[in-house]
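Report on the structure given below.
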Protein chains: 4
Amino acid sequence: MSDQEAEVDEPAAGAVRRGRPRSEKARVAILEAGGKLLLADGLEPVSMDAIAERAAVSKATIYRWWPTKETLALDVLFHEWVGDELTVADLGSLRAELLALFMPWVERVSARPYGRVIGALIAKARSDSAFSEEYDRRLVQPRREQARPLFVRAIERGEIAADTDIDVALDLFYGALYHRLLQGHLALSDEFVVALVDMGLNGMMSRQDKAAA
Amino acid sequence: MSDQEAEVDEPAAGAVRRGRPRSEKARVAILEAGGKLLLADGLEPVSMDAIAERAAVSKATIYRWWPTKETLALDVLFHEWVGDELTVADLGSLRAELLALFMPWVERVSARPYGRVIGALIAKARSDSAFSEEYDRRLVQPRREQARPLFVRAIERGEIAADTDIDVALDLFYGALYHRLLQGHLALSDEFVVALVDMGLNGMMSRQDKAAA
Amino acid sequence: MSDQEAEVDEPAAGAVRRGRPRSEKARVAILEAGGKLLLADGLEPVSMDAIAERAAVSKATIYRWWPTKETLALDVLFHEWVGDELTVADLGSLRAELLALFMPWVERVSARPYGRVIGALIAKARSDSAFSEEYDRRLVQPRREQARPLFVRAIERGEIAADTDIDVALDLFYGALYHRLLQGHLALSDEFVVALVDMGLNGMMSRQDKAAA
Amino acid sequence: MSDQEAEVDEPAAGAVRRGRPRSEKARVAILEAGGKLLLADGLEPVSMDAIAERAAVSKATIYRWWPTKETLALDVLFHEWVGDELTVADLGSLRAELLALFMPWVERVSARPYGRVIGALIAKARSDSAFSEEYDRRLVQPRREQARPLFVRAIERGEIAADTDIDVALDLFYGALYHRLLQGHLALSDEFVVALVDMGLNGMMSRQDKAAA
DNA sequence: GTGTAATCGAGACGGTACGTCGAGTCTTGTG
DNA sequence: CACAAGACTCGACGTACCGTCTCGATTACAC
């Protein structure tokens, strides 16, 4: 994401910009009002009217730039998370790097009720394939591509097998993290992250069993 | 689930039931109309009016027995899955038992777009704590309690360490499965289940690395 | 109008009335709120939301029974004018009867700003032929049919020629009255009514001129 | 109307006109687009955006010169009727002159659905006193002042009584004409004009009755 | 020619009302 | 009592139009 705030399609740079330009003030006000309200109450309970009112903006202005509340929520998450998408430095071991990747994410995601919004986005994605594509492109894939290099480096180091299926590994870790985030049955704590990473890396089988296998 | 269809609170057995008894025909018609529509379109796009009309039932009759659309959806899933909640027999190895547990689940869950409905229920659960409790009790915990004995047996067999954190193990496996079910970024195939179980049991670390550790 | 309040189509009397009956309270509240607001501000400046709020009624309830604001206004006028549509007794002369017909009408119509609403209805009627038909049937024709017998009696008495074109006569009188009501260029006073009736009956030509003609 | 197209306030002739002058092309395009659309659909259904688009003109340009849609409509009618406001020559009899005045007016006004626009203007005038004043000054009074000399001449000729209330006479004739134009209950035909003029001039009372009176 | 000033097209903006839809409740008559 | 029918309240939806505004680009007259 070189241009993190490029949330909406820009026309070709060479084109002559005619008419009144888009109000940057309104754009930011909408994203911030959206962030405030969506995280406070969740996606479904928040109305576009409420966002418009809090942003001191016309409802039409929101709809001009975001076709649905879900699309807006996607951009709100981006607006909230600007600068988060950093790469993880080479720390010498996969374990250290995974912890360095997951710990801040857990911190971030637990700080405010993001699970509520992400859950709603997932629900929407399941019944709107166009939105599903956008959700995948903007939220899912960036996270996966951010983590993938760690496994590539681990293979190069010889830490993990060269034929490791990285997609399965990603689902194993992110699946568990999202599971606790979304289902809420158990806490998404730092201890859980450590236990998860260790179990994922070492497996749960006793040493001797594996040797026997 | 000994009494799988006990979806709604029954009055005490001793109480005298007065007046016209509940129409079993209506109950089934609602659950089947709900199943048809919810799986076809998802939870949010389907209206109670539509379900009532298709079930040839008054809307008030639905609300008499189910307080919200989500509660109804929960029962619809149960109605669809009657008999699914079997216990897994002792097959001699944790790997075999996990596959015996997950494979039919994947089959079932992939057959029709359940992810769509489950996603919506999760979203609802995140912003309605009463519903969250019910969702957890009826969908999440049964699944976990069904799987837990497998790990207990594996500990008894000495396959896995006695201090294995079973909750983490459950999240590792179910998390990954739900991840693919809900995010839809990659297929929830049989091959994935096998790869996931093997990676979870054995870990992704190379043998020699672990020995060195 | 035997049943003056039969503003909306009733189903056949023999049909079985099923479901919750229409709320008479809501019906009257809407008509009275409408009357209050429409006469205070005119048709166009009053919003359906405002009427709904003042009547303490849902907007949907209004739209269930009246497709447009204009249709509602039509009924509001009827509700206001219940009992107005009396027949004029035989007073022995056309002049007396016309004055007996027009004077109360002028009184009524000048008491509150009906011209404002009627003007809006006319405008609507000109660009909506379905509404035009209803406007004609409910407001225009009743007024004309109420006045027509006066001219028939006058012919029988020999006061006016047997071949008098009653429609032209009606337009002559009502046209002038509506003209002042709608254009507002001069007052719609009692004096005007008297002058108009006399001029319409006697003509403006001098006696001798007519004899010469 | 010596300066028929002086639709908008001109600055004092002596003032220095600086800056880009008003585009005559735009002015005419707006009036013609307005005429086309307003007569086709009526005032209320036509949006300023639509007029601007059809005139290939910016909406701001319209609002720079006409404060409201109604004011524009007023000018559109003038633009359509340039040259209509001629005086009626002395034809020797009031009857002949009235026919010479009304016949072309009926022709003109029936040719296209002007009633639709005029009705809307009247409605607007009833609830906006500033506009009412302008409507009266520009549409109502010119018509009346055009007709008034006919009656003055008729008095001089001795055709009608010297104390004839010309305003009542004007309302009698124009009222009836506008009535048919606006209510649309009966045709505004040439025959109607003749019948109306004759009835207005001679009255509807039989000769002998009047002699008896 | 070079300001200066008002115009223009384009189009985004805040605001208000629209007419519709769905959730969930309530009120009848019937079984 | 349960139920079908269907009217009801409430609140949000997404759209349309109004009248205003901010741009950059023109087009005249004054210097």
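Just so it is clear, the model here is predicted, and its values are computed rather than measured. Just so we're on the same page: letters track the sequence lines, and every chain starts at 1.
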Length of the CD-C1' vector between C:E70 and E:dA17, whole Å: 14 Å

If each of C:G19 and A:S47 is mapped to the nucleotide of DNA chain F with the nearest heavy atom, which maps nearer the 5' terminus, i.e. the 5' end? C:G19

Closest to the side chain of A:K59, out of E:dC26, F:dC13, E:dA23, is F:dC13

Identify which nucleotide among F:dC23, E:dG14, F:dC8 has an atom closest to any side-chain atom of C:A26, counting heavy atoms from C-beta outward. F:dC8

Under 4.0 Å from OP1 or OP2 of E:dA23: is there any side-chain N or O of B:W66 that close? no

Side-chain N or O of A:R20 closer than 4.0 Å to phosphate OP1/OP2 of F:dC23: no

Euclidean distance, atom NZ of residue D:K25 to atom P of F:dT27 [Å, nearest integer]: 9 Å

Could you tell me the separation between the CD atom of B:E44 and the P atom of F:dA12, rounded to a whole number of Å? 15 Å

Of the nucleotides F:dC13, E:dC18, F:dC23, which one has an atom closest to the side chain of A:Y63? F:dC13

Closest nucleotide among E:dC8, F:dC8, F:dA4 to the B:V57 side chain: F:dA4

Any side-chain N or O of C:R64 less than 4.0 Å from the OP1 or OP2 oxygen of F:dC8? yes

Distance check needed: E:dT27 P versus C:R17 CZ, whole Å only. 17 Å

Students often get this wrong, so: under 4.0 angstrom with heavy atoms, is B:A56 touching a base, only sugar-phosphate, or nothing? sugar-phosphate

Using heavy-atom distances to pick each residue's nearest nucleotide on DNA chain E, tell me which of B:K69 and A:S23 is more 5'. A:S23

Taking for B:T68 and for D:P21 the nucleotide of DNA chain E with the nearest heavy atom, the one nearer the 5' end belongs to D:P21

Answer whether the closest heavy-atom distance between the side chains of C:L74 and C:W66 falls below 4.5 Å. no

Between CD of B:E24 and P of F:dC3 the distance, given in whole Å, is 10 Å

Are D:T61 and E:dG9 close enough that a side-chain N or O sits under 4.0 Å from OP1 or OP2? yes

Residue mapping more 5' on DNA chain F - nearest nucleotide basis, B:A55 or A:P45: B:A55

Nearest to the B:S58 side chain among F:dC17, F:dA4, E:dC13, which nucleotide is it? F:dA4

Is B:R138 salt-bridged to B:D75, going by a charged N under 4.0 Å from an acidic O? yes

Find the distance C:E53:CD to F:dC10:C1' and express it as a whole number of Å. 13 Å

Between C:D49 and C:K59, is any pair of side-chain heavy atoms under 4.5 Å apart? yes

Side-chain donor-acceptor pair present, A:E70, A:Y135, cut-off under 3.5 Å: no

d(CE, C:M48; P, E:dA17) in whole Å: 13 Å

Output yes when at least one side-chain N/O atom of A:W65 is less than 4.0 Å from OP1 or OP2 of E:dC13, else no. yes

NZ or CZ of A:R27 within 45° of A:W65 ring axis and under 6.0 Å: no

Distance, rounded to the nearest Å, where C:D49 contributes CG and F:dA12 contributes P: 13 Å

Just by distance, with hydrogens left out, do C:T71 and C:T68 show a side-chain donor and acceptor under 3.5 Å apart? yes

Nearest to the side chain of A:A60 - F:dA16, E:dA17, F:dC13? F:dA16

